[in-house]
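A quick write-up on the structure given underneath.
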Amino acid sequence: MGRELLIVLVLMCTAGLMSLAAAARVIRQYERGVVLRFGRLRGQVRGPGFTMIIPIVDRLHKVNMQIVTMPVPAQDGITRDNVTVRVDAVIYFKVVDPVDAIIRVEDYRFAVSQMAQTSLRSILGKSDLDELLSNREKLNQGLELMMDSPAVEWGVTIDRVEIKDVSLPETMKRSMARQAEADRERRARIINADAELQASKKLAEAATVMSDQPAALQLRLLQTVVAVAAEKNSTLVLPFPVELLRFLERATPPQSGTSKAPSAVMPPQPPTADVPALGSSAPNGASHTVPFGQPVSTADRRAA
């Protein structure tokens, strides 16, 4: 009898220990517990620490309150200016209401992931390629606002959304490279032209100063010669003033026999015309010739 009573006590203690082990729960500092009794929400949210539930009757759901980092798979889309791009992003969110995260949505992680993908494709269709490449902060803010509205109903708040990478087709990359190269070449030409304009103004001022002081031109010439000779060149080009050549030409006397006197140029003779005889013909039937334009004298008239 005593032995049977001892066995019953041992069994009862074992069952009690097993029930205590099944009912005991430990909630971590970054977690919160939601208890459902027979499928219905029971009491308030359980805080961190040791807590007890009724085995088989109660079910404890632990919700992580930490910030979750979730990568968004790369999405293919077409921008507003009809350019095909492939964009991936990362989203940071956390649970602020454990009850809504358990009651209102089946799996809040999966829901946030799907919402992030659809929102990313939507924001791609509303943006240009230039905005996507140079103005990502604005797109990140728009994407965050687009996701935060439905996520609040699930007890989730979106902390931040970042676009990680934008992949472009190879043809588009080559076109952008050519455009950037042309723009750099245009800026280089403008800078070069501006430098030429400034240099021409300075040269004009220098020419004005040198025209007032001829010795300045000679000094500039000597300075150029010194600069060229400093480079250890075997050939030295020395400009020779044309005025000096003219001076030497005027100072050299002409040699005898080499120069010829200029030939006299006879003035052109006026044309002649035949003047017919007046009254009778000349002897032997010859006509008397008088230069054209000269007055006919009395003797000529008699001879005629």
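Put simply, CG on N64 and OH on Y30 are 6.5 Å apart, with the number rounded to the nearest 0.5 Å. Atom OG of S113 and atom CZ of F93 lie 8.5 Å apart (nearest 0.5 Å). If you take CZ on R160 and CD on Q141, they are separated by 12.0 Å, rounding to the nearest 0.5 Å. Here the straight-line distance linking atom CD1 of I91 with atom CD of Q117 works out to 10.5 Å at 0.5 Å rounding. Taking CE of M147 as the reference point, atom CD1 of I123 lies at 11.5 Å (rounded to 0.5 Å). How far CG of L124 is from CD1 of I163: 7.0 Å, rounded to the nearest 0.5 Å.
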message: Under the criterion side chain to side chain contact (heavy atoms under 4.5 Å, CB included), I'd like the reasoning laid out for T157 against K94: C-alpha separation, chi angles, the key distance, then a yes or no.
response: CA-CA 6 Å; T157 180; K94 65 179 179 179; 3.7 Å; yes

Working for side chain to side chain contact (heavy atoms under 4.5 Å, CB included), residues R42 and L36: CA-CA 5 Å; R42 179 69 180 178; L36 297 179; over 6 Å; no

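Residue pairs meeting the salt bridge (Lys or Arg N to Asp or Glu O under 4.0 Å) criterion with at least one partner in residues 172-182, sequence neighbours excluded, are E170-K173. Screening residues 127-137 for salt bridge (Lys or Arg N to Asp or Glu O under 4.0 Å) gives R80-D128, R80-E131 as the qualifying pairs, with residues at least two apart or on separate chains. Within the structure, every pair that satisfies the salt bridge (Lys or Arg N to Asp or Glu O under 4.0 Å) test and touches residues 14-35, not counting sequence neighbours, is listed here: R28-E31.
Qualifying side-chain contact (heavy atoms from CB on, under 4.5 Å) partners for P71, counting only residues two or more places apart in sequence or in other chains: none. A search for salt bridge (Lys or Arg N to Asp or Glu O under 4.0 Å) contacts involving R186 returns D183, not counting sequence neighbours. Legend: residues meeting salt bridge (Lys or Arg N to Asp or Glu O under 4.0 Å) with R109, ordered by chain and number and at least two apart, are absent. Partners of D194 according to the side-chain contact (heavy atoms from CB on, under 4.5 Å) rule, which considers only residues two or more places apart in sequence or in another chain, are Q198. With sequence neighbours excluded, no residue forms a salt bridge (Lys or Arg N to Asp or Glu O under 4.0 Å) with D81. Partners of L133 under the side-chain contact (heavy atoms from CB on, under 4.5 Å) rule, at least two apart in sequence or in another chain, are L129, V166, L168, M176. Listed by chain and number, the residues in a salt bridge (Lys or Arg N to Asp or Glu O under 4.0 Å) with D100 are R104 (sequence neighbours excluded).
Heavy-atom minimum distance, L139 versus S127: CD2-OG, 3.0 Å. Here the closest non-hydrogen pair linking M65 and V95 is CE-O, 3.0 Å. Nearest heavy atoms, D165 versus S167: OD2-OG, 3.7 Å. Minimum interatomic distance between R121 and D76 (heavy atoms only, all atoms of both residues): CD-O, 4.3 Å. Across all non-hydrogen atoms, the minimal contact from W154 to A111 is CZ3-CB, 3.7 Å. Across all their heavy atoms, A74 and D88 have their closest contact at CA-CB, 3.7 Å.
The environment of I103 atom CD1 is dense: over 12 non-hydrogen atoms of other residues, nucleotides or ligands sit within 6.0 angstrom. The number of heavy atoms from other shown groups lying within 6.0 Å of CD (Q114) is above 12. Few gaps surround NZ on K164; more than 12 heavy atoms of other groups in view lie less than 6.0 Å from it.
Side-chain N or O atoms of Q75 include one that pairs as donor or acceptor with a backbone N or O of P73 at under 3.5 Å. With S200 contributing its side chain and L197 its backbone, the two residues share a donor-acceptor pair below 3.5 Å. Judged by distance alone, with hydrogens and angles left aside, the side-chain atoms of K62 form a donor-acceptor pair with the main-chain N or O of V26 at under 3.5 Å.
Classification of E185 and R189 as a salt-bridged pair holds, one side-chain N sitting under 4.0 Å from a carboxylate O.
Both L143 and M70 belong to a single network of hydrophobic side chains, linked directly or stepwise wherever heavy atoms of I, L, V, M, F, W or Y lie under 4.5 Å apart. Under the 4.5 Å side-chain contact rule for hydrophobic residues, L41 and I102 share a cluster. By the rule that hydrophobic residues join a cluster once side-chain heavy atoms approach within less than 4.5 Å of another member, I27 and V63 end up as members of separate clusters. In the hydrophobic cluster analysis, where Ile, Leu, Val, Met, Phe, Trp and Tyr join through side-chain heavy atoms closer than 4.5 angstrom, V96 is grouped apart from V156.
Hydrophobic cluster membership for Y92: I67, V90 (Ile, Leu, Val, Met, Phe, Trp, Tyr linked by side-chain heavy atoms under 4.5 Å, directly or transitively).
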For residues 49-61, which side-chain donor-acceptor pairs fall under 3.5 Å, sequence neighbours excluded?
from : atom 1 : to  : atom 2 : distance (Å)
T51  : OG1    : R46 : NH1    : 2.5
D58  : OD1    : R37 : NE     : 2.6
D58  : OD2    : R37 : NE     : 3.4
D58  : OD2    : R37 : NH2    : 3.0
D58  : OD2    : I54 : N      : 3.1

